[in-house]
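Beneath this line is the structure, given in structure tokens, with notes to follow.
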Amino acid sequence: EQTELVIARWPELDSYEAPHPMFAAVAGLVDGTRSAKDIAAVMVERFGLPSEAALGGVRTCLLEMWRAARSDERTAP
């Protein structure tokens, strides 16, 4: 797993409609300087996410946000 690679901020995040506050928080932390591991650490510190679940939760959020962006891209006129 490459949890220490920096996650680039993709343009669709600016218009992303988060289905849950956790997704919104993760989207807001994707800034082009943080890795999934960094974002997970912030989620633990700021929001009290259990440390043993944080990285998996962040990775799930990122994957779903990426899928949503790709889905929107395919359905755009």
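Scanning both residues, Ala54 and Val44, for their nearest heavy atoms gives CB-CG2, 3.5 Å. Between Phe23 and Cys61, the closest heavy-atom pair is CE2-CA, 3.6 Å. Nearest approach of Ala36 to Leu62, heavy atoms of both residues: CB-CD1, 4.2 Å. Residues Leu49 and Met22 approach most closely at CD2-CE, 3.9 Å, considering heavy atoms.
Contact check for Arg46 versus Leu29: side-chain heavy atoms found under the 4.5 Å cut-off. Lys37 is not listed as a side-chain neighbour of Val58, based on a closest heavy-atom distance of 4.5 Å or more. Between Val30 and Arg34 there is no side-chain heavy-atom pair separated by less than 4.5 Å.
Annotation: the span from Tyr16 atom OH to Glu64 atom CD amounts to 7.5 Å, rounded to 0.5 Å. Put simply, CD1 on Ile7 and CZ on Arg59 are 9.5 Å apart, with the number rounded to the nearest 0.5 Å. The line from CG of Asp38 to OG1 of Thr33 is 7.5 Å long, rounded to the nearest 0.5 Å. Separating the CE atom in Met65 from the CD atom in Glu12 is a distance of 12.0 Å, to the nearest 0.5 Å.
When hydrophobic clusters are built by joining Ile, Leu, Val, Met, Phe, Trp and Tyr residues whose side-chain heavy atoms come closer than 4.5 Å, directly or via intermediates, Val26 is grouped together with Trp10.
Within the structure, the salt bridge (Lys or Arg N to Asp or Glu O under 4.0 Å) test picks out no pair touching residues 17-27 (sequence neighbours left out).
Checking side-chain atoms of Ser71 against main-chain N and O of Arg67 turns up no donor-acceptor pair under 3.5 Å.
Pro50 pairs by the side-chain contact (heavy atoms from CB on, under 4.5 Å) definition with Glu52, Ala53, not counting sequence neighbours.
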